[in-house]
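Below, chains carry the letters A, B, ... as their sequence lines are ordered, and counting in each starts from 1.
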Amino acid sequence: MNIFVLMKRTFDTEEKIVIQNGKVSEEGAEFIINPYDEYAIEEAIQVRDKHGGEVTVVTVGNEDAEKELRTALAMGADKAVLINIEDDVEDGDQYTTAKVLAEYLKDKEADLILAGNVAIDGGSGQVGPRVAELLGIPYVTTITKLEIDGTNVKVVRDVEGDEEIIETSLPLLVTAQQGLNEPRYPSLPGIMKAKKKPLEELELDDLDLDEDDVEAKTKTIEIFLPPKKEAGKILQGDIADQVKELVSLLHTEAKVI
Amino acid sequence: MNFELTKEQQMIKEMVRDFAEKEIKPHAAEWDETAAFPIETFKKMGELGLLGIPFPEEYGGSGGDTISYAIAVEEIGRACGGTGLSYAAAISLGASPIYYFGTEEQKQKWLVPMAKGETLGAFGLTEPNAGSDAGGTRTRAVLDGDEYVINGEKCWITNAGYARQVIVTAVTGKDENGKNIISAIIVPTDAPGFTINCNYDKMGVRASNTCELVLEDVRVPKENLLGDPKKGFKQFLYTLDGGRISIAALAVGIAQAAFEKALQYSKERMQFGQSISKFQAIQFKLADMAMQIELARNMVYKAAWLKDNNKPFTKEASFAKLFASEMGFQICNQAIQIHGGYGYMKEYEVERHLRDIKLMEIGEGTSEVQRIVIARQLGC
Ligand SMILES: Cc1cc2nc3c(=O)[nH]c(=O)nc-3n(C[C@H](O)[C@H](O)[C@H](O)COP(=O)(O)OP(=O)(O)OC[C@H]3O[C@@H](n4cnc5c(N)ncnc54)[C@H](O)[C@@H]3O)c2cc1C
Ligand SMILES: Cc1cc2nc3c(=O)[nH]c(=O)nc-3n(C[C@H](O)[C@H](O)[C@H](O)COP(=O)(O)OP(=O)(O)OC[C@H]3O[C@@H](n4cnc5c(N)ncnc54)[C@H](O)[C@@H]3O)c2cc1C
C-alpha cells in the first residue's frame, strides 16, 4: 500500500506566544511535530506493518523541518519529502500548502493519505480536506478508528464526542483525531537508522509551480493576543444581595444577559 | 569547533525527555517514598534501545556515542535521580566493562542481552573495608581446577538485586613485588553461595537498587575472568573514568530540575508586593545556577567527546564529575532556599533533589578522590 502522511512542524504547545512586529515571534521557541500529525504517522506505520507497502512523510516548509521529518523516519516511516517553499513564498496560507501538496501527490498513486485533524498553531483544519478535493478523492476528518479490508475502509469519526461510522474505499484521505492511537517514541535504533533513510528536498520549480499558482487566498490583517485574564470577583454580603448584584453585573459588566 | 548537537543527538534528547516526562517524572516522588525500583520502566527503556546507546549494533546496541548517552542520563536524571543512577550504573558499570575487556563469547553471552535491555548487570568493587582505597580489596578468588572459588563481601552495589550477573573484583594472587593482583570476574547472581541483600535505607537516590553481596565458596568457570587477569585494577580505573562522565551528566540533570523549579517558583511567589524573582538577591542566585549548570554540561560534553574520539579523557572526566557534583549540590541547596519554607516540604520535590545529588559527590570516586586523580594527571 502506498501511504502518505502530511506533516507540519509547529510551535510546542507549551511555549508562551510572544507577538513582535505584528508576527508571532519564533525566537528561542521549541518546535515539534504537530501532535495530531503524530497520530497520523503512527497510524500510517501500523497500516503499513499490517498491510505492507511504504510510508512517505511529506512536509511543506523550510529546512528547519528536517529534524521533524527525521523524527518521523525514526518512528518508522520509510521516506521523507521536504518541499521547501521558503525562497518562493512569502505569506502562504492553507490554500498555498494544499496546492503544493496536491501538486506533489497527483501522480504518486497514493492509496491512503493521512493528515492531522488540525495544526495546533494556525488551527484551520483545512489542509487535509483541500488536498483531497484537489486530488478528487474522498476524505473523512477527525477519525478515531481505521479498518482496511482490501479497498474497503471502515472509519469511526469523532463528531463532538459522538461516534459516526463511515464506510468508504481507497484511495482515501483521513485526518487524525486524538484517540486514534498512542504514538510511539522513536527508538534509539530508529533514530540511528533515520539518518540513512531517504529524505528528498523539492522546491516549487520541481513541481512545475509558479509563485502565482500558490499565492495565498487570504490576507492576515492583524495578529493579537487574547485579553489578559482578570482576577475573579468575589461577591460579599447577604445571599439575596449577592444574587441581585450578580444579575446586575451580568447585565452591565459582562453583558451576557 | 562546533557546539551544536547533531540531529541524532537532538532527537535522542527530545525522545528521552519526552519519555522521562511521561513515564518517570510522575512517579519519582512515590519511588523515593517507597524506595521502589522501577523495573517496569527499565523494561520500557530497554525496548526503546536506551540501555544500549553506546554499544554497536553487532552487540545489540544502538550504535550511539558517549555524548548521546550522557544526554540520556541527564534527561532521565532530570526526572528522577534514583532512576538516573540505576540507568547510568547499568550501562557504565554493568555493561561497559564487558564491552571494553570481554572476549567475543563473553560479549555474546552477557553484553548482548544487556544492550538489548533484556537483562541488567552490576559491578561490585566496593567492600566494607575498601572504598576509596579499592586496592585494599579483600575478596579472594582461588583457582580450583577449571573454576574460581570466590569468598568475600561487597557493599552498596547498584542494581545487583535485579542483575543477571555481577562483575566482582577479587584478589587472585600476588605480583613479583608482593602486591595483590586484582582481577575482575563475571559472577551469575544465581550461583550457589551468592547472597544478595538489598535492605539499605538510603538518604537519596532511593529508586535505585543498592545491595550488599556475600560470596561464600561461589564457583564460576575459569572463562568468566574478565579481560587481562593481571590488569583488573587498571581495567576498573578505566571503567570508572567512563562512569564519571555519566555521574557528571546525572548531576547536571538533577541540578537542572532543581533550577527549573526554583526559577518558576520565584516568578510565582509574591512577597513584599512583588514576585521574589524581582529581588536582586534571588536573581543573582538564579544567574549563578544557570551559569554553573551550563559550564558543567559543557565539561560533560567535552569529556564525552574526548572519549568518543579515542583521546585521553581521565582528567576531563574527573573535572566534569567533580565540578558537576559540587555545583549541583550547591544548586539544589539554593533551590530549596528560594522556595523558603515550602522547599523544606517534600510536597515541593526540591528537597529530594538535594538528597539525590549528594551521592554524586561520593559514588564512583569521592570529590577528594577526584582531586587526587586530577593532581596525579597534573604530574604531582
Ligand atoms: C548509593 C550508592 C551506590 C553505590 N554503587 C556502587 C556500585 O555499583 N559499585 C561499587 O563498587 N560501589 C558502589 N558504591 C560505593 C561507592 O563507590 C563508595 O561509597 C565510594 O567509592 C567511597 O568509598 P567509601 O564509602 O568506602 O568511603 P571512604 O573511602 O571510606 O571515604 C570516606 C571519606 O574519606 C575520604 N578519603 C578516603 N581516602 C582519602 C584520601 N586518600 N585522601 C583524602 N580523602 C580520602 C573520602 O573522600 C571520604 O570523604 C555505591 C555507594 C552508594 C552510596
Ligand atoms: C519546619 C518549619 C517550622 C516553622 N515554624 C514556624 C513557626 O513556628 N512559626 C511561624 O510563624 N513560622 C514558622 N515557619 C515559617 C518560616 O519562618 C518561614 O518559612 C520563613 O520565614 C520564610 O518564609 P517563606 O517560607 O514564606 O519564604 P519566602 O518569604 O517566600 O521566601 C522565599 C525566598 O525569597 C527570599 N526573599 C523574600 N523576600 C526577599 C527580599 N525582600 N529580598 C531578597 N530575598 C527575599 C527568601 O530569602 C527566600 O529565599 C516554619 C517553617 C518551617 C519549614
Side-chain angles (χ1 to χ4, degrees), chain A residues 7 9-16 18 28-35 37-39 41-42 45 49 57 59 61-77 80 82 178 181-199 201 228-229 231, chain B residues 4-25 41 43-73 75-76 79 87 91 95 112 114-117 260 263-264 267 270:
Chain A
M7 185 208 80
R9 170 180 188 264
T10 60
F11 257 86
D12 192 335
T13 31
E14 283 167 21
E15 291 293 322
K16 269 221 172 91
V18 178
E30 294 275 337
F31 283 84
I32 54 169
I33 295 178
N34 177 41
D37 301 353
E38 271 189 354
Y39 301 121
I41 296 165
E42 175 64 37
I45 294 168
D49 289 350
V57 180
T59 198
N62 62 30
E63 259 177 18
D64 295 334
E66 189 187 329
K67 195 175 103 233
E68 284 69 27
L69 286 173
R70 293 271 177 219
T71 303
L73 293 172
M75 286 172 75
L82 166 62
Q178 188 170 9
N181 52 46
E182 193 55 53
R184 69 194 66 192
Y185 300 101
S187 74
L188 256 294
I191 290 173
M192 302 312 289
K193 269 182 219 137
K195 70 176 154 197
K196 291 173 210 144
K197 289 184 178 175
L199 191 154
E201 197 174 329
K228 254 208 179 140
K229 224 177 164 183
Chain B
E4 210 161 55
L5 298 179
T6 65
K7 287 225 164 54
E8 286 75 37
Q9 289 161 351
Q10 284 178 43
M11 279 159 67
I12 290 169
K13 187 175 176 85
E14 271 168 37
M15 182 278 260
V16 182
R17 174 170 292 207
D18 203 25
F19 177 84
E21 292 263 333
K22 291 194 189 118
E23 314 268 346
I24 298 176
K25 199 173 160 194
T41 309
K43 283 186 185 145
K44 285 185 198 166
M45 296 195 313
E47 280 160 21
L48 288 170
L50 283 172
L51 287 157
I53 293 185
F55 308 116
E57 280 171 56
E58 53 180 313
Y59 295 121
S62 312
D65 52 15
T66 310
I67 295 181
S68 300
Y69 165 50
I71 288 170
V73 174
E75 291 302 331
I76 293 169
Y87 173 67
I91 293 180
V112 170
M114 279 192 282
K116 286 185 175 164
E260 284 171 17
L263 178 62
Q264 171 153 9
K267 289 178 180 167
M270 304 290 287

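- A pairwise comparison of heavy atoms in A:Pro189 and B:Gly49 identifies CD-CA, 4.1 Å as the closest pair.
- Taken to the nearest 0.5 Å, the CE atom of A:Met192 stands 9.0 Å off from the CD1 atom of B:Ile53.
- With rounding to the nearest 0.5 Å, the separation of CE in B:Met11 from CE in A:Met75 is 10.5 Å.
- Taking a 6.0 Å sphere around NZ of A:Lys197, one finds it holds more than 12 heavy atoms contributed by other residues, nucleotides or ligands.
- Environment of CD in A:Glu201: crowded, with over 12 heavy atoms of neighbouring residues, nucleotides or ligands closer than 6.0 Å.
- To the nearest 0.5 Å, the span separating OG1 on A:Thr71 from CD on B:Glu14 amounts to 6.0 Å.
- Within a 6.0 Å sphere centred on CD of B:Gln264, heavy atoms belonging to other residues, nucleotides or ligands number 12 at most.
- Annotation for B:Lys13: atom NZ counts as buried by contact number, over 12 foreign heavy atoms lying within 6.0 Å.
- B:Gln10 touches chain A through its side chain: at least one heavy atom from C-beta onward sits under 4.5 Å away, while N, CA, C and O do not.
- Per-residue heavy-atom pair counts under 4.5 Å with chain A were compared for B:Leu50, B:Asp18, B:Leu48, and the maximum is reached by B:Leu48.
- Expressed to the nearest 0.5 Å, how far OG of B:Ser68 lies from CG of A:Leu188 amounts to 7.5 Å.
- The NZ atom of B:Lys22 lies 4.5 Å from the OH atom of A:Tyr185; values are rounded to the nearest 0.5 Å.
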